[in-house]
Amino acid sequence: MRTRFAPSPTGPLHVGSVRTALFSWLAARHAGGEFVLRIEDTDQERYIPGSEALILETLQWLGLEWDEGPEVDGPHGPYIQSLRTEMYREHAEILVQRGAAYWCTCTAERLAAMRDEQRRRSEPTRYDRRCLTRQDEVDAERSAGMPAVLRLRMPDGTTEWDDLVRGAVSFDNADIDDQVLLKSDGFPTYHLAVVVDDHLMRISHVIRSDEWIPSTPKHLALYAAFEWTPPRFVHVPAVLGADGLKLSKRRGARNVLDYGEMGYLPSAIVNAMALLGWSSGSDEELFTQSQLCERFTLERIHPAPAVFDPARLDHLNGQHIRLLPAEALVEALEYHLPGSSKDTRRSLVPMLRDRMVTLADAATLADPLLHEWDWDDAIEFPPRKVDAATARAVIDACIDSVQHGGLGDLDAMRERIKAAAENTGAKPRDAFRALYVAVLGTPAGLPVLESMAFIGAERSLERLRTARQRLNVRKIPAS
RNA sequence: GCCCGCAUCGUCUAGCGGUCAGGACACCACCCUUUCAAGGUGGUAACCGGGGUUCGACUCCCCGUGCGGGUACCA
């Protein structure tokens, strides 16, 4: 099996396009075949400088390495269409010779008027073949320098193919336009280029998004005209946003690389994308890359479009974070805890790992341990369900415990504080919240006692005393 | 307008004529617990509508409806 991903360099990749790339990659890896990357830059007007590099970076980051393509030599190169224009012209010539294509000098205005008229008459919009019946004149016009395009002469009859995810799909050729193959600037259109490239690159399975279904008959007509065996077609469903509309750049679909910035793991993103339109058939849903390669088959792709659910990604990201060996997490956290030492991260990881949804959460969670923080009025202290007397008792017990026992025996300390809380009649779970606020500035955070051990006795005592002081200040006007 | 595709809980999905329609996310409750998480247990929640076919339809067929896509010298 040979599959390919053929993006056009018109901007960064979003989840929708990368999901198609992932399916192609997985199919190839599962079968032990090759995955090729090809850049389809035949439209110089839509080209966005730098996006090609972005595409390569995205694929590399996700671990979807290609066997042939840009930066990787292969026997079927070059893998950038703008470098292959000569091949397209040669093949176009074959089509002309065989009568499968013809030149056309119709102006954009005429074409537009023609379509308006067809629409008015409830007919399918397609080229009326005016130039087909006057090829001699067209030849003369061309040699006089008039711009011309080469059109596919769509054969009569019907076109049918067995799509790997849709089953039998068929079209009446009469509804299909005589597609432009060579633009007047000499560049091929997508339709000519894909067919020529997929054939020359020996692609066995064309895996692409289902918006290509209507143009597949054109491609099949081309394969027939060249007398080539067509590949299997695999049209995968669209990925929709929460609004039910197809993900697209112009609707603000996120650059996949941004997810890295936000603290998502490549393995989690890959896992989440694989589950969009594909299922293993079992109840398992948490997969590593290699497990996916093992189980993925094109036949199990679900044909309906899928809504991308960020909550699902969040969940999977947490799972993948917990799947990571501690030392790998220490590495992964470097970006999100800038300036932290490896040792610092090593002691933070046990506290962080069960509490992170994204790696970026580490920064928020660890902040009170890495920096001093200031009290402000937004901090409720003592916190809900804790009265001042309990807060005082708990903090005093904690201070005393640190002063006398240090931070070596957290268990003993915990018991000591619990006892103090129970003395005041409070539930330990509530009372402890006062301690959290005192040390971390928030009632919800990393384990306090461990946090204190991390910041050390001196800083701990300092924070506890400040909090204790605050209780006194409050107490005065109250009594 | 014309053409094509799709249709199971809110979301992702399993199902391939006979199931109490299963799982996961999210949500709710409880348990565990030094907070919050993580983890565990349980719960709420779905076959778009109408006709057929069949002893029997979520499943097969037709028609609607809804949604998506195509209809370019864009991919």
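Per chain, numbering begins at 1; letters A, B, ... match sequence-line order. The analysis underlying the following values was restricted to heavy atoms, covering all of them including side chains, and did not include hydrogens, waters or symmetry mates.
- With hydrogens and angles ignored, the 3.5 Å screen pairs a side-chain donor or acceptor of A:Tyr127 with a backbone N or O of A:Cys131.
- Nucleotides B:U71 and B:G10 place their P atoms 33 Å apart, quoted to the nearest Å.
- Nucleotide B:A21 forms a pair with no other nucleotide shown, judged by Watson-Crick or G-U wobble geometry with both contacts under 3.5 Å.
- Contact annotation: A:Arg429 reaches the phosphate of B:U35 (side-chain N/O to OP1 or OP2, under 4.0 Å).
- A 4.5 Å side-chain heavy-atom check between A:His320 and A:Asn271 finds at least one atom pair inside the cut-off.
- Judged by the 6.0 Å and 45° rule, A:Arg470 forms no cation-pi pair with A:Phe381.
- In this model, the phosphate group of B:G69 is not approached by any side-chain N or O of A:Lys246 to a distance below 4.0 Å at OP1 or OP2.
- The side chain of A:Lys183 contributes an N or O atom lying less than 4.0 Å from OP1 or OP2 of B:C74.
- Remark: A:Arg353 is not in phosphate contact with B:A38, judged by side-chain N or O atoms under 4.0 Å from OP1 or OP2.
- The closest donor-acceptor contact from the side chain of A:Asn173 to the backbone of A:Thr159 lies under 3.5 Å.
- Residue order along RNA chain B, read from the 5' end via each residue's closest nucleotide, puts A:Val169 first among A:Val169 and A:Thr10.
- Under the Watson-Crick and G-U wobble criteria, each requiring two contacts below 3.5 Å, nucleotide B:U71 is paired to B:G1.
- A close approach under 4.0 Å does occur between a side-chain nitrogen or oxygen of A:Arg300 and OP1 or OP2 of B:G15.
- The side chain of A:Gln319 contributes an N or O atom lying less than 4.0 Å from OP1 or OP2 of B:G39.
- Looking at A:Glu285, its side chain comes within 3.5 Å of the base of B:G23 through a donor and an acceptor atom.
- For B:A14, the OP1/OP2 oxygens have a side-chain nitrogen or oxygen of A:His302 closer than 4.0 Å.
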